[in-house]
Structures are given as C-alpha cells and as structure tokens.
Amino acid sequence: MLKTHFEDTQKNAVFVRQVFCSGRYKGNTAHVKLCANLAEFTNGEYLQSVAIRNESAATAFVFIQSDGPHLIRWFSPHSEIQFCGHGALAAADVLIAAFNTSQDALYFQSASHSVCVKSTASSKYIMFLPQLELIVSSRPREMHNILGQEVGNLKYTEPENGYLVAQLPNRDSLLNFDFAVDKYCQITRRALVVTARDDNHSNTLYFRYFAPQYGVKEDSATGSAAPLLAAFWQLPNNQVFNCFQLSSYGAFYQISRESNQVCVFANVQTPS
C-alpha cells in the first residue's frame, strides 16, 4: 500500500523535518528523500551530491520495500553517516504522516543498523535502539591533557570509529566545555560525548556531542547518544529519563532502558 502510494507521488520530492524539538529546544533539521529505485539508492556519489545541495546536518535516503524493512542511508554534506537517529525519525514521520499510512511502526535497515520507529501520537515517536557496552579507558592521563582536568570517568566503545564518553561535574561545566580539537583528532576517530547529571533532579541528564573528525565540531541533536547515556549512567530498567543536549540550538528527548534495548521518545515537526 505504501509502495503504491509512493509511486503515485512526485518521486523527486524532498521533505524537511525538525527532530528532538520541544519549547526553546529547537533540535535539528533532517531532509528526507524517497529514492525512485534501487539503482538511485545505491549510487553513493549521487546521494552525496543531494546532501550537499540540501545543506542540512543530515539527509535520509529511503528505498521503500513492501516485503521487508525499508532500506535507509544517511549523508551529511561531508560524507555518509553510519547511523543518524534524527534522520531515522524524520524518515518515519514522512512515511507515516505525509503518506497517510495506517502503519504505526516502521522498520529500517541500513548497512550496519536495524531500526524500529513507532508512532504513538501525532508528531510523537519511539525509536528502539540496541543497548551498548562501554569499556573503561586505559589512557585517562592523555585524555585529561586534551579534554581538561574536570573531565572524568572516561569510557569508550569499540571499534576505533565508535564513541568516547566522559563525565563533567555539572551542567555549567558542560556548557563551558571546550577542548583541543586538533590534538583529539590526532589520537582517535571516536566521536566524543560529554555528560553531566542534575544533582537536584535524578532523572535529568545533560550532554553535548562532538565529531570534528567528520566535518562538524559539534552536533545540534544526536539520537545515537541515547544508548551511550543509558550505558554510561547505568540507568535502571523501565524508568524514563529526560535528556537535554546543550548545543547552541538545544535538543530534548526522553529515554528508557528496557531489557536489551533503549527507547527514545521524541517529537518530530514540519518546520513552519
């Protein structure tokens, strides 16, 4: 049904969505393009040119399949993205809302990730992500020289192009955080997540996300950080936590740890 609806729609249309927005937190923009055929979807050079033209943090490209998960890829203006949470949510909203489908859950498959997104109400979604394991860093002194002495409790994921997560004392130190980008990029390909917990509200987490190796120093709104936060803070199951990303635009979503997955509760809107 969705496939038929798409075939009757302008195939070159590009949709725009604002994800992880709430109140003064603006979240981040993602473009969504539905590919007319598999040849277009697999043409990385063409997809990259579209992403450059869109000039947004991420463009999600979707090839709709009627007999399995929809294929998805994400590109920034600089390169292909391994996984993009806000791009997956934007794609789900386009398929569910713009195409008026009765499906309340959509499944996407990328080269490295399987993602389920479920609609719970108008503009509200749950994205289900697998849990991650973090390893305590074996070289904290070297990282302290680059990130600053306030940073502690360093943990990382494998492989080398994964993530490094570090704790800061409080929200103010997180807002003021900066680091030696050139030196950091010289020793690791890992994206950096710095995070702090609210002393007065135990269910509130703050974080910032940096990936200067991939073209942009700081990301505005990052859904892929959710499993990292859940693992780093060892969140208990079946409790909802508020996550505030303290970027210049700001982003907000909620997370809950359930058995072997992390649920991300998010708003998705069409920009006015």
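All values derive from a computational prediction rather than experimental measurement.
Remark: the backbone N or O of V19 is not paired with any side-chain donor or acceptor of Q269 at under 3.5 angstrom. Proximity of a side-chain donor or acceptor of Q254 to a complementary backbone N or O of C263 within less than 3.5 Å is not detected. No side-chain donor-acceptor contact under 3.5 Å links Q48 to the backbone of G44. In this structure, R257 contributes its side chain and A230 its backbone to a donor-acceptor pair below 3.5 Å. Between the side chain of T195 and the backbone N or O of Y206, at least one donor-acceptor pair lies under 3.5 Å. Between the side chain of E218 and the backbone N or O of R208 there is no donor-acceptor pair closer than 3.5 Å. Using a distance-only test at 3.5 Å, with no hydrogens or angles considered, no donor-acceptor pair links the side chain of H70 to the main chain of Q109. Judged purely by atom type and a 3.5 angstrom limit, N37 uses its side chain to pair as donor or acceptor with the backbone of A39. T188 contributes a side-chain N or O that, together with a main-chain N or O of R190, makes up a donor-acceptor pair within less than 3.5 Å. Using modelled atom types, one side-chain atom of S76 and one backbone atom of S79 make a donor-acceptor pair closer than 3.5 Å.
Contact of the L205 side chain with the N242 side chain is not registered, since no non-hydrogen atoms from C-beta on lie closer than 4.5 Å. Put simply, the side chain of I187 reaches to within 4.5 Å of the side chain of I146, judged on heavy atoms.
Shown here for P77 and S56, the closest heavy-atom pair between the two residues is CD-O, 3.2 Å. Smallest separation of non-hydrogen atoms from A221 and A251: CB-CB, 3.5 Å. Here the shortest heavy-atom pairing between P212 and V181 reads CB-CG1, 3.6 Å. Closest of all the heavy-atom pairs between I81 and A58 is CD1-CB, 4.1 Å. Of all heavy-atom pairs spanning V115 and A88, the tightest one is CG1-CB, 4.4 Å. For the residue pair S110 and W74, the shortest heavy atom distance occurs at CB-CZ3, 3.6 Å.
At a cut-off of 3.5 Å, with distance as the only test, no side-chain donor of N267 or S123 sits close to an acceptor on the other residue.
No continuous path of hydrophobic side-chain contacts links Y125 to V16 [ILVMFWY only; heavy atoms under 4.5 Å]. Residues V94 and V268 share a hydrophobic cluster, clusters being chains of Ile/Leu/Val/Met/Phe/Trp/Tyr side chains in contact below 4.5 Å. Under a hydrophobic clustering in which Ile, Leu, Val, Met, Phe, Trp and Tyr are joined whenever their side-chain heavy atoms come within less than 4.5 Å, directly or via other members, F241 and L246 fall into different clusters. In the hydrophobic clustering of ILVMFWY residues, with side-chain heavy atoms under 4.5 Å counting as a link, V62 and V117 come out together. Hydrophobic clustering, with ILVMFWY side chains joined whenever heavy atoms are under 4.5 angstrom apart, groups I255 together with M127.
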field: D219/T222 under side chain to side chain donor-acceptor pair (under 3.5 Å): CA gap, chis, key distance, verdict
entry: CA-CA 7 Å; D219 191 29; T222 316; 2.7 Å; yes
Residues K183, E142; criterion salt bridge (Lys or Arg N to Asp or Glu O under 4.0 Å); working and verdict: CA-CA 10 Å; K183 292 182 180 179; E142 184 180 17; over 6 Å; no
query: Please walk me through it: do S173 and E150 pass side chain to side chain donor-acceptor pair (under 3.5 Å)?
result: CA-CA 8 Å; S173 60; E150 277 195 317; 4.6 Å; no
Verdict with reasoning, F61 to Y46, per ring pair (Phe, Tyr, Trp, His ring centres under 6.0 Å): CA-CA 11 Å; F61 297 91; Y46 167 71; 7.4 Å; no
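Between the CG atom of L106 and the OG atom of S119 there is a distance of 8.5 Å, given to the nearest 0.5 Å. If you take CG on L174 and CD on Q245, they are separated by 9.5 Å, rounding to the nearest 0.5 Å. With rounding to the nearest 0.5 angstrom, the CG atom of L154 is 9.0 Å from the CG atom of L192. Going from atom CZ of R197 over to atom CG of N203 covers 8.5 Å, rounded to the nearest 0.5 Å. In this structure, Y184 OH and R189 CZ are separated by 11.0 Å, a value rounded to the nearest 0.5 Å. Residue L164 holds its CG atom at 10.0 Å from CG of L228, rounded to the nearest 0.5 Å.
The number of heavy atoms from other shown groups lying within 6.0 Å of OH (Y107) does not exceed 12. Around NZ of K155, the count of heavy atoms belonging to other residues, nucleotides or ligands within 6.0 Å exceeds 12.
A cation-pi arrangement, defined by a distance under 6.0 Å to the six-membered ring centre and an angle within 45 degrees of its axis, is absent between K124 and F265. Both tests hold for K217 against F179: distance to the six-membered ring centre under 6.0 Å, angle to the ring axis within 45°.
The aromatic rings of F252 and F244 are tilted relative to each other, their planes meeting at an angle between 30° and 60°. Between Y253 and F207, the angle of the ring planes lies from 30° to 60°, which puts this pair in the tilted group. In this pair, F83 and H113 present their aromatic rings parallel. The plane angle is below 30°, not in the 30 to 60° band.
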